[in-house]
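Single-structure report; data block below.
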Amino acid sequence: QVVLVESGGGLVQPGGSLRLSCEVSGPLFTAVDVGWFRQAPGKQREWVAMITRRDTAHYPDSVKGRFTISRDNARSTAYLQMDNLKPEDAAVYYCKVYGYNIWGQGTHVTVSP
């Protein structure tokens with residue numbers, strides 16, 4: 001059984017930073033690729049970062065240079081460092097283990113003055 005627990009969201013001012021965490025239980029963490037997604041009210045869920053089992057990171061242009069994904073295999077945890085946050089980054093953020101159709105509860109990020 002795969003369980004994903006996201007945390008670290010909150011309220012931040014534009015230009016601020018947050019670090020999200022995703023603790024993964026179930027699969028062998030070192031054998032999976034992990035991604036972060038987000039969904040704003042009224043919008044479709046969109047991909048924001050991915051890190052492969054070989055520690056290679058990928059980002060869409062919308063967050064490249066501002067977001068950094070990382071992983072700690074010893075803790076079975078993936079992280080998303082978000083810097084220079086903009087109001088349009090506000091959303092519920094979810095992590096996902098590729099190959100499993102399971103989502104966690106998400107963590108809310110609000111970007112407002």
Side-chain angles (χ1 to χ4, degrees):
Q1 182 182 2
V2 177
V3 178
L4 308 172
V5 179
E6 301 97 336
S7 62
L11 171 64
V12 64
Q13 293 183 343
S17 298
L18 282 174
R19 187 194 193 205
L20 307 183
S21 299
C22 170
E23 186 173 353
V24 179
S25 301
L28 180 61
F29 190 71
T30 54
V32 297
D33 303 331
V34 181
W36 282 96
F37 294 75
R38 66 186 180 188
Q39 188 167 19
K43 295 187 177 181
Q44 289 189 331
R45 192 167 297 187
E46 64 172 343
W47 167 66
V48 295
M50 174 195 177
I51 188 164
T52 70
R53 68 202 72 182
R54 299 192 182 278
D55 221 22
T56 301
H58 303 275
Y59 309 92
D61 289 343
S62 58
V63 306
K64 195 174 292 183
R66 299 189 299 121
F67 289 12
T68 303
I69 190 172
S70 61
R71 63 192 295 159
D72 184 338
N73 290 335
R75 290 181 166 82
S76 297
T77 300
Y79 302 97
L80 185 67
Q81 176 68 38
M82 306 187 295
D83 298 318
N84 190 21
L85 282 161
K86 304 176 181 180
E88 53 262 41
D89 295 318
V92 179
Y93 283 70
Y94 303 87
C95 65
K96 179 175 176 62
V97 174
Y98 288 89
Y100 296 85
N101 190 25
I102 299 292
W103 296 93
Q105 83 288 350
T107 186
H108 290 252
V109 172
T110 303
V111 184
S112 179

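The analysis underlying the following values was restricted to heavy atoms, covering all of them including side chains, and did not include hydrogens, waters or symmetry mates. Keep in mind that this is a model prediction, so the values were computed, not measured.
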| Is there a side-chain contact (heavy atoms from CB on, under 4.5 Å) between V97 and L4 once you walk through the steps? | CA-CA 8 Å; V97 174; L4 308 172; 3.7 Å; yes
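- Every residue two or more places apart in sequence or in another chain that forms a side chain to side chain donor-acceptor pair (under 3.5 Å) with D33 is listed here: R53.
- Every pair tested for disulfide bond (SG atoms under 2.5 Å apart) that includes a residue from residues 32-87 fails, sequence neighbours excluded, so the list is empty.
- Residues passing the side chain to side chain donor-acceptor pair (under 3.5 Å) test with S62, sequence neighbours excluded: none.
- For E46, the side chain to side chain donor-acceptor pair (under 3.5 Å) partners at least two apart in sequence or on another chain are R38.
- Cluster membership check: V12 does not share its hydrophobic cluster with Y79, using side-chain heavy-atom separations under 4.5 Å among Ile, Leu, Val, Met, Phe, Trp and Tyr.
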| task | List the steps, then state whether salt bridge (Lys or Arg N to Asp or Glu O under 4.0 Å) holds for K64 with D61. | result | CA-CA 5 Å; K64 195 174 292 183; D61 289 343; 3.5 Å; yes
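- Legend: residues meeting side-chain contact (heavy atoms from CB on, under 4.5 Å) with D55, ordered by chain and number and at least two apart, are I51, R71.
- The minimum heavy-atom distance between Y59 and V48, with the atom names listed, is CD2-O, 3.8 Å.
- Y100 and Y93 fall within the same hydrophobic cluster, defined by Ile, Leu, Val, Met, Phe, Trp and Tyr side-chain heavy atoms under 4.5 Å apart, directly or through other members.
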Got a list of side-chain donor-acceptor pairs under 3.5 Å for residues 105-113, not counting sequence neighbours?
from, atom 1, to, atom 2, distance (Å)
Q105, NE2, E6, O, 2.8
T107, OG1, G9, N, 2.9

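- Considering OG1 of T30 and CZ of R54, their distance stands at 11.0 Å, rounded to 0.5 Å.
- The salt bridge (Lys or Arg N to Asp or Glu O under 4.0 Å) analysis of residues 103-113, with sequence neighbours excluded, yields no pairs.
- In this structure, V92 belongs to a hydrophobic cluster whose other members, linked by side-chain heavy atoms under 4.5 Å apart, are F37, W47, M50, Y94, Y98, W103.
- Counting heavy atoms of neighbouring residues, nucleotides and ligands inside a 6.0 Å radius, atom CD of Q44 does not exceed 12 of them.
- Through side-chain heavy atoms spaced under 4.5 Å, either directly or across other Ile, Leu, Val, Met, Phe, Trp or Tyr residues, V5 is tied to V3.
- Residues forming a side chain to side chain donor-acceptor pair (under 3.5 Å) with N84 (at least two apart in sequence, or on another chain): none.
- Taking each heavy atom of A40 and A90 in turn, the nearest pair found is CB-O, 3.7 Å.
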Tell me which donor-acceptor pairs under 3.5 Å the side chains of residues 17-29 have, and how far apart each pair is, sequence neighbours excluded?
from, atom 1, to, atom 2, distance (Å)
S17, OG, D83, OD1, 2.8

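- Residue pairs meeting the disulfide bond (SG atoms under 2.5 Å apart) criterion with at least one partner in residues 45-90, sequence neighbours excluded, do not occur; the list is empty.
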